[in-house]
Asker: 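Sharing a structure, written as C-alpha cells. Questions coming.
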Amino acid sequence: MQRAEAARSALLTSHPDAHVDLLHLDVGSAQSVLAAAQEVKARYNRIDFLYLNAGIMPNPQLNVKAFFKGLFSRNVINMFATAEGLLTQQDLLNSDGLQEVFATNLFGHFLLIRELEPLLCEADHASRIVWTSSSNARRSAFSMEDIQHRNGTEPYSSSKYASDMLSLALNRDKNSQGLFSSVICPGLVMTNLTYGILPSFFWTIIMPIMWLIRIFTNTFTLTPYNGAEALHWLFLQKPESLDPRAKYHSLTSGLGTNYTQPHPMDIDEGMSEDLYSELLDLEKVVRKTLSERNADKEANGQRE
Ligand SMILES: NC(=O)C1=CN([C@@H]2O[C@H](COP(=O)(O)OP(=O)(O)OC[C@H]3O[C@@H](n4cnc5c(N)ncnc54)[C@H](OP(=O)(O)O)[C@@H]3O)[C@@H](O)[C@H]2O)C=CC1
Ligand SMILES: CC(C)=CCC[C@@H](C)[C@H]1CC[C@H]2C3=C(CC[C@]12C)[C@@]1(C)CCC(=O)[C@@H](C)[C@@H]1CC3
C-alpha cells in the first residue's frame, strides 16, 4: 500500500479538494476480489466509473529473428503497432488453479464486475467500465476451447482479446440496466511492463529511434500521460454515443500531440456471448472451491 499512499498524496497535492480512498485488491486472487468488493459495497452505494487497468505480461520473450525479418518487410508498421509475432510469455497457475495471466487480466476483473453489479447496474444512473486492452489482442491467439490459454504461448494477447469480447457482451446484456463498457489501448508506454521485455537502459539508448518510429505509427505514446489520453477522452463522452465494437486508441503524433481514435475490433457477437457463458460457469466453480476451502479452514481452526 506504500505506493498507493504516495499516489494518494500526489493527487491531494494537485487537487486538495479531492477525496481519495484506498483499498487493497489483488485481481489475481478470487478471495481478494470478493473481500475488496464487500468493502466497496460497504463504503459506497454507487459507482460512476470503474477503470480495469491492472494487467501483467510475465516472462516475456522477444523473438529477435522475427523482429529483424519484420523490420525489412512491408508489415513493419503493423509490427511496431501490434508486436504481432514478436512476443511469447511463460504462464503459471495461480492459487485458485487458474492460469495467472487469464486470472489477472480478465477473470479477476470479471468477478469484480459480477460482485459490484448492484452498484453498477442502476437503471436511473449510467455507470461506466473502461478496460485497458491492447493492440496486441489477436483473434488467432484466443481459443474458445482453451479460454485460459493453458496450451499456448501468447496468454497476454489471448487475455486482451478476451477482454475485448467481454466488453461487447457486457454492453449487449447490461446497457438496458445503465451499465456501459469500453475498451482502450494506451499504445506503447514505458512502464514496468515494457521494462520486463527489454532492460530500461536499452530503451533509453533507443529512445531517439522510438521518437522516429512514432512519426510513422503514432502508437508509440511512450509516457503514461500520453497513454492515458483515451481514458480521459472516454471520461468526457456520453456513453450512448460510444461504439461498443470499437477500441479507443491513445495516439501521439510526431509533434507530440495527443489524440484518441476508434478502431473496429475483430470480434463477433456469437463468440463474445459464448465467452460470457463460459465465464459464468467458471465463476460458479471458483466460488464453490473457495467456499469449500474456507469451510475446511474453519473446521480445522475449530479443531485446534
Ligand atoms: N505498457 C504498455 O506499453 C501497454 C500496457 N497495456 C496495459 O496497460 C495496463 C497497465 O500496465 P502498465 O502500466 O504498462 O504495466 P505496469 O507493470 O507498470 O503496471 C501494471 C499495473 O497493474 C497492477 N497489477 C498487476 N497485477 C495486479 C494484481 N494481481 N492485482 C492488482 N493490480 C495488479 C499493478 O499494480 P501494483 O503497482 O500494485 O503492482 C500496476 O498498477 C495493463 O493492463 C497492460 O496490459 C496495454 C498496452 C500497452
Ligand atoms: C523500437 C525498437 C527499435 C525495438 C523494440 C522492439 C520490441 C521490443 C517492441 C516493438 C513493438 C513493441 C510493442 C510492445 C512491446 C515492445 C515491442 C514488442 C507491446 C506488446 C507492449 C504491450 C502492449 O500491450 C502492446 C500494445 C505493445 C505493442 C508494441
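Keep in mind that this is a model prediction, so the values were computed, not measured. Counting convention: from 1, in listed order, for ligands and their atoms alike.
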Asker: Check this for me - ligand 1, Asn53, N or O atoms closer than 3.5 angstrom, yes or no?
Answerer: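 Yes.
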Asker: Just need the protein heavy atom nearest to atom 4 (C) of ligand 1, so name the residue and atom and give the distance.
Answerer: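 Protein heavy atom with the smallest distance to atom 4 (C) of ligand 1: Gly187 O, 3.8 Å.
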Asker: Students should be able to answer this: which protein heavy-atom is nearest to atom 32 (N) of ligand 1, and at what distance?
Answerer: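 For atom 32 (N) of ligand 1, the nearest protein heavy atom is Ala54 CB, 3.5 Å.
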Asker: For ligand 1, which atoms have a heavy atom of Lys160 less than 4.0 angstrom away?
Answerer: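 Every atom of ligand 1 under 4.0 Å from some heavy atom of Lys160: 42 (C), 43 (O), 44 (C), 45 (O).
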Asker: Going by atom types alone, do Asn226 and Thr221 pair a side-chain donor with an acceptor below 3.5 Å?
Answerer: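 Distance-only check fails for Asn226 and Thr221.
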Asker: Please list the nearest protein heavy atom to atom 7 (C) of ligand 1 with its residue and the distance rounded to 0.1 Å.
Answerer: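 Ranking protein heavy atoms by distance from atom 7 (C) of ligand 1, first comes Thr132 CG2, 3.6 Å.
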Asker: Output yes when a protein non-hydrogen atom is found under 4.0 Å of atom 15 (O) of ligand 1, and no otherwise.
Answerer: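 Yes.
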Asker: Could you tell me which atoms of ligand 1, counted from 1 in the order shown, lie closer than 4.0 angstrom to a heavy atom of Ile56?
Answerer: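 Contacts of ligand 1 toward Ile56, numbered from 1: 25 (C), 26 (N).
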Asker: Write out each pair where an N or O from ligand 2 and one from the protein are under 3.5 Å apart, with the distance.
Answerer:
from     : atom 1 : to     : atom 2 : distance (Å)
ligand 2 : 24 (O) : Ser134 : OG     : 2.6
ligand 2 : 24 (O) : Tyr156 : OH     : 2.7

Asker: Got a sec, which residues hit side chain to side chain donor-acceptor pair (under 3.5 Å) with Asp243, two or more places apart in sequence or on another chain?
Answerer: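 With neighbours one apart ignored, the set is empty.
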Asker: Number the atoms of ligand 1 from 1 as they appear, then name those within less than 4.0 Å of a heavy atom of Gly28, with their elements.
Answerer: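 In order of number, 29 (N).
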Asker: For the residue pair Ser181 / Ser167, report whether a side-chain donor-acceptor contact shorter than 3.5 Å exists.
Answerer: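 A donor-acceptor contact under 3.5 Å links the two side chains.
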Asker: For atom 35 (O) of ligand 1, is there a protein heavy atom at a distance under 4.0 Å?
Answerer: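 Under 4.0 Å from atom 35 (O) of ligand 1, zero protein heavy atoms found.
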Asker: Say whether Tyr156, considering both its backbone and side-chain N or O atoms, lies within less than 3.5 Å of an N or O atom on ligand 1.
Answerer: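 N/O-N/O distance under 3.5 Å: yes.
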Asker: Is any heavy atom of the protein nearer than 4.0 Å to atom 30 (N) of ligand 1?
Answerer: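 It does; a protein heavy atom is within 4.0 Å.
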Asker: Within a distance of under 4.0 Å, is there any protein heavy atom near atom 44 (C) of ligand 1?
Answerer: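 Protein heavy atoms within 4.0 Å of atom 44 (C) of ligand 1 - there is at least one.
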Asker: If you measure every N or O of Pro186 against every N or O of ligand 1, does any of those distances drop under 3.5 Å?
Answerer: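 No; every N/O pair is 3.5 Å or more apart.
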Asker: Side chains of Asn218 and His249 only: does a donor on one sit below 3.5 Å from an acceptor on the other?
Answerer: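 Checked: Asn218/His249 side chains show no N/O donor-acceptor pair below 3.5 Å.
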Asker: Taking N or O atoms only and a 3.5 Å limit, does Val27 qualify as a polar contact for ligand 1?
Answerer: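 Yes, there is a polar N/O contact under 3.5 Å.
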Asker: Does any donor atom in the side chain of His19 or Asp21 lie under 3.5 Å from an acceptor atom in the other side chain?
Answerer: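 Looking only at side-chain atoms, Asp21 and His19 do form a donor-acceptor pair, the distance falling under 3.5 Å.
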Asker: Under 4.0 Å from atom 40 (C) of ligand 1, is there any protein heavy atom?
Answerer: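 Under the 4.0 Å cut-off, atom 40 (C) of ligand 1 has no protein heavy-atom neighbours at all.
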Asker: Assess whether a salt bridge exists between Arg293 and Asp96, defined as any Lys/Arg side-chain N lying under 4.0 Å from an Asp/Glu carboxylate O.
Answerer: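 Answer for the salt bridge query: yes.
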Asker: In terms of atom number and element, which parts of ligand 1 are under 4.0 angstrom from non-hydrogen atoms of Ser133?
Answerer: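 Close to Ser133: 46 (C), 47 (C).
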Asker: Please could you name the atoms of ligand 1 that Arg3 approaches to less than 4.0 Å, counting only its heavy atoms?
Answerer: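 With Arg3 as reference, the close atoms of ligand 1 come out as 36 (P), 37 (O), 38 (O), 39 (O).
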Asker: Please evaluate residues Thr82 and Asn136 with respect to the criterion side-chain hydrogen bond (donor to acceptor under 3.5 Å, both in side chains), reporting the C-alpha separation (whole Å), side-chain torsions for both, the decisive distance (0.1 Å), and the verdict.
Answerer: CA-CA 5 Å; Thr82 65; Asn136 189 246; 5.9 Å; no
Asker: Would you mind checking which non-hydrogen protein atom is closest to atom 12 (P) of ligand 1, with the distance to 0.1 Å?
Answerer: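 Scanning the protein heavy atoms, the shortest distance from atom 12 (P) of ligand 1 goes to Thr191 OG1, 3.4 Å.
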Asker: Are any of the N/O atoms in Thr194 less than 3.5 Å from those in ligand 1?
Answerer: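 There is no such contact.
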Asker: Do Asp26 and Ser32 have side-chain atoms, one donor and one acceptor, less than 3.5 Å apart?
Answerer: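 Ser32 and Asp26 do not have a side-chain donor-acceptor pair below 3.5 Å.
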Asker: Which heavy atom of the protein is the closest neighbour of atom 3 (O) of ligand 1, given with residue, atom name and distance?
Answerer: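 The closest heavy atom on the protein side is Val189 N, 2.8 Å.
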Asker: Distance under 4.0 Å to a non-hydrogen atom of Gly55: what atoms of ligand 1 satisfy this?
Answerer: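 It comes down to these atoms of ligand 1: 20 (C), 22 (O), 25 (C), 42 (C), 43 (O).
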